[in-house]
Enquirer: 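Take a look at this one; I'll ask things after.
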Amino acid sequence: MAGTFPDPYRAAKSRYPFQPDTTRPDTIRPVQPAIQTAGLSKLAVCPGTMISVGYTTSGTFNADNGFVVQLVDADNNFINLNEPARANPLIVTIPADKAPGHRYQIRVTATSPIVNGSLHPLRILPPPAARIELPDGGTSTTIMPGQSTTLQVVLSGAGPWSFRLSDSTEVSNIVQTPYEMTVTPSAPTAYKILAVKNTCTAGTATGEVIVNVSEDPAPVLALKTPTGGYKACTGTPFQLAFTATGRYHPGNEFVAQLEGENGSWINLPGQALGSPIVTRLPYGITPGKTYRIRVASTYPTLASSTATVTVSTPATAVLRPDSIRIEDGKSTDLTIDFTGTGPWFALLSDGTYENGITKTPHKVRVTPANATAYSITSAGGTCGVGEYSGQAFVRVNVPLSTITTGNLSSRTICYGSEITVPFTSSGRFYASNKWIVQAADSTGRFVSLATTYKDGVLKAIINPAFVRDTISTVRLRVISTTPAVNGTETTLTVLAPNTGQALVMGEAAIRPGQTARVRVQFKNGLPPWSFSLSDGTKVSGTFINPYILTVSPTSTTEYQITTLSSSCGSGIAQGKATVTVDTN
């Protein structure tokens, strides 16, 4: 960050037109214009939506400058969303043809000069989609008259969703997916989704489920097996989907059964009157081993075909003990090794969270601001939270924060005046930081002055309480609060108020009609000076020192100063000049 400061030569020239500036620094540069894109009104939007984009600026832009909002994709390709304007915030529309995803960023750009602002992430929401099926993924089932069955609607895109079925059922504003619903048709029925929509737009619907209604009294029991068989954790509930057709006796229940080590079938916990059965594997069976499972009815006694169930193993996650050093503002990857049944998830000690992890080892990207020790706060897999361990340490090369106090545009000022204090800075300064101007007191200890900082310009009122002399040399510096950094020093001459002096000198003898000169010598006060003589002569705003007046009195006259002022207030007049007119 750097302060904005005026041209010292131009300022000195305007105040001291007869005094050349010998203090012009060769290193002062104007602050470069910059743009900070403010927070967006929305971080996730539908295509075609209007959003509000605010921004702040620093530095100086050209008179013909305008601001443009740009949409930037992951390949750094960008498009302008508005014509150049000066409004703040800018109102723009996200193009309707942009593909959804997290791959976009928004920034505000200036046209004169061309300056790109900071980037803010923007997610474009996808359109909705819906697919109807049975809970096991099938497309047809058979029930007996009066029986019910469950349909499943799998939704994607951005929720909440609303949809309408072919049997006129309407479901509105749901957020869970898949969404299950129970139907009890009296005749064979084909169920389709006729329409689906979300907050963005209407979407696409696929799938069809046929529910047959059969009066065949012969009971038939069939287990619906997912591809690859079932996978379950010991003690964790899971569902077995099945179809039961035909007529069962009153009081019948369905139960899940597992084949034991000796080939006998044992009942698992949980009974149901229809599909699905919620059950769980018992503790003590071998993790990673595959068993056979089936569904049986109690009245009449009937068993389905069998399927396989693999006992999932608890997950472990180990953070590799890396020690990494990065530059300030850069990112690095930490490595986690997983075992057990995935997909896995991991939560790091800094709040970084990732789930749906399917490959091991897995890289987690972090961007620490300071040196940070990372560990795993929670991790697991299919069977929930597992065991986790390990620690990694990332060191950050934080640049040294420095402040250079610039040369002042005015080297001499009046006590109590406000002056612009230029400065430059390097390194890291935090958002809560404040810039303060300090002056050294008579003991050399620096004390803070009344300071304002706005739009990159730092100003201070030079009124240190310890200044007592008519002319004092004051040491100034700029400091920061977060972090606490002392800037380099510069000096300034401060003139006390109302201490300017003027000495009138001269003595001459003239004949009537002749002229003489009166000399006025100024001291201490800051020019320009203004004064009045006892003969009524007035001089305003002169920088000439000494000041010579030509007088032509008609009689002997004493000239004294009656009023005196300078940029630092009133002053003190001393001396007199006498012009004797010889009339003999």
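Start at 1 with the first residue, then count along the sequence.
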Enquirer: Show the numbers, then the answer: is there a side-chain hydrogen bond (donor to acceptor under 3.5 Å, both in side chains) between N370 and R428?
Expert: CA-CA 11 Å; N370 299 291; R428 181 192 295 178; 2.9 Å; yes
Enquirer: Is the shortest side-chain heavy-atom distance between T37 and V53 below 4.5 Å?
Expert: yes
Enquirer: Could you tell me whether the side chain of T298 and the main chain of E253 form a donor-acceptor pair under 3.5 Å?
Expert: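 The answer is yes, because a donor-acceptor pair under 3.5 Å joins these two groups.
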Enquirer: Any luck finding a side-chain donor-acceptor pair between E180 and T150 under 3.5 Å?
Expert: no
Enquirer: Using distance alone, with no hydrogens and no angle criterion, decide if T243 and T141 have a side-chain donor and acceptor under 3.5 Å apart.
Expert: no
Enquirer: Under 3.5 Å, is there a donor-acceptor pair between the T341 and K231 side chains?
Expert: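 No, no side-chain donor-acceptor contact under 3.5 Å.
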Enquirer: Answer whether the closest heavy-atom distance between the side chains of P113 and P33 falls below 4.5 Å.
Expert: yes
Enquirer: Give a yes or no on this: more than 12 heavy atoms of other residues, nucleotides or ligands lie within 6.0 Å of atom CD of Q176.
Expert: yes
Enquirer: Ignoring hydrogens and geometry beyond distance, is a side-chain donor-acceptor pair present between Y291 and E261 at under 3.5 Å?
Expert: yes
Enquirer: Looking only at the aromatic ring of each residue, does the gap between the centers of F254 and F242 stay below 6.0 angstrom?
Expert: yes
Enquirer: Tell me yes or no: between the side chains of N252 and R247, is some donor less than 3.5 Å from an acceptor?
Expert: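 The answer is no; no qualifying pair exists.
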Enquirer: Over 60° means perpendicular and under 30° means parallel, so tell me whether F61 and F67 are parallel, tilted or perpendicular.
Expert: perpendicular
Enquirer: The test is side-chain contact (heavy atoms from CB on, under 4.5 Å); show your working for F338 and V318 and say whether it passes.
Expert: CA-CA 7 Å; F338 290 98; V318 178; over 6 Å; no
Enquirer: Distance-only, no hydrogens or angles: does the S162 side chain make a donor-acceptor pair with backbone N or O of S172 under 3.5 Å?
Expert: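 No; judged by distance alone, with no hydrogens or angles, the pair does not exist.
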Enquirer: Under 3.5 Å, is there a donor-acceptor pair between the side chain of D322 and the main chain of I324?
Expert: no
Enquirer: So which pairs with a foot in residues 378-396 pass side-chain hydrogen bond (donor to acceptor under 3.5 Å, both in side chains), sequence neighbours left out?
Expert: S323-R395
Enquirer: Measure the shortest side-chain to side-chain distance between H249 and P300 over non-hydrogen atoms and say whether it is less than 4.5 angstrom.
Expert: yes
Enquirer: S112 and N62: side-chain hydrogen bond (donor to acceptor under 3.5 Å, both in side chains), yes or no, with the steps?
Expert: CA-CA 6 Å; S112 181; N62 298 331; 2.7 Å; yes
Enquirer: Under 3.5 Å, is there a donor-acceptor pair linking the side chains of S426 and T402?
Expert: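 Looking only at side-chain atoms, T402 and S426 do form a donor-acceptor pair, the distance falling under 3.5 Å.
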Enquirer: Within the side chain of D337, is there an N or O that forms a donor-acceptor pair under 3.5 Å with the backbone of A317?
Expert: no
Enquirer: Looking at the rings of F393 and Y374, which for Trp means the six-membered one, are their centres under 6.0 Å apart?
Expert: no
Enquirer: Passes side-chain contact (heavy atoms from CB on, under 4.5 Å), R164 versus T169? Steps please.
Expert: CA-CA 6 Å; R164 178 164 53 90; T169 300; over 6 Å; no
Enquirer: Taking V394's backbone N and O only, do any of them form a donor-acceptor pair with T372's side chain (distance below 3.5 Å, no angle check)?
Expert: no
Enquirer: Using 30° and 60° as the class boundaries, would you call the ring planes of F163 and Y179 parallel, tilted or perpendicular?
Expert: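 Perpendicular: the ring planes of F163 and Y179 meet at over 60°.
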Enquirer: Out of D333, T352, T332, which residue meets the side-chain hydrogen bond (donor to acceptor under 3.5 Å, both in side chains) rule with R365?
Expert: D333
Enquirer: Determine whether T56 and Q36 satisfy the following criterion, side-chain hydrogen bond (donor to acceptor under 3.5 Å, both in side chains), listing intermediate values before the conclusion.
Expert: CA-CA 5 Å; T56 58; Q36 185 71 27; 5.9 Å; no
Enquirer: Is there a side-chain contact between V115 and N65, using heavy atoms and a 4.5 Å cut-off?
Expert: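 No, every pair of side-chain atoms sits at 4.5 Å or beyond.
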Enquirer: Do I143 and T245 come close enough that some side-chain heavy atom pair is under 4.5 Å?
Expert: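 Not touching, per the 4.5 Å side-chain cut-off.
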Enquirer: Kindly confirm or rule out a cation-pi arrangement of R107 over F78, judged by NZ or CZ under 6.0 Å from the six-membered ring centre and within 45° of its axis?
Expert: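 R107 over F78 ring: yes.
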Enquirer: Indicate the atoms forming the closest heavy-atom contact of V278 with P237, along with that distance.
Expert: CG1-CB, 4.0 Å
Enquirer: With a 6.0 Å cut-off (strictly less than), is the heavy-atom count around CD1 of I114, excluding the residue itself, greater than 12?
Expert: no
Enquirer: Would you check if the side chain of N82 reaches a backbone N or O of V69 as a donor-acceptor pair within less than 3.5 Å?
Expert: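 Yes; judged by distance alone, with no hydrogens or angles, the pair exists.
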Enquirer: Test: disulfide bond (SG atoms under 2.5 Å apart). Region: residues 284-401. Which pairs qualify, not counting sequence neighbours?
Expert: C233-C383
Enquirer: Taking the side chain from D75 and the backbone from N77, do they hold a donor-acceptor pair closer than 3.5 Å?
Expert: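 It does not hold such a pair.
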Enquirer: Under 6.0 Å from the OH atom of Y353, do we count more than 12 heavy atoms belonging to anything else shown?
Expert: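 Counting neighbours around OH of Y353, more than 12 heavy atoms of other residues, nucleotides or ligands fall under 6.0 Å, so yes.
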Enquirer: Enter the distance from L81:CG to T93:OG1 here, rounded to the nearest 0.5 Å.
Expert: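 The distance works out to 8.0 Å.
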Enquirer: Is there a side-chain hydrogen bond (donor to acceptor under 3.5 Å, both in side chains) between T335 and K363 once you walk through the steps?
Expert: CA-CA 5 Å; T335 303; K363 302 287 186 181; 2.8 Å; yes
Enquirer: Compare all side-chain heavy atoms of N116 with those of Q70 and state whether any distance is below 4.5 angstrom.
Expert: yes
Enquirer: Evaluate the side-chain proximity of V309 to L281: yes if any heavy-atom separation is below 4.5 Å, no if none is.
Expert: yes
Enquirer: Where is the tightest heavy-atom contact between T367 and K330, given as atom of each residue plus distance?
Expert: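 What the structure gives for the nearest pair is CG2-O, 3.3 Å.
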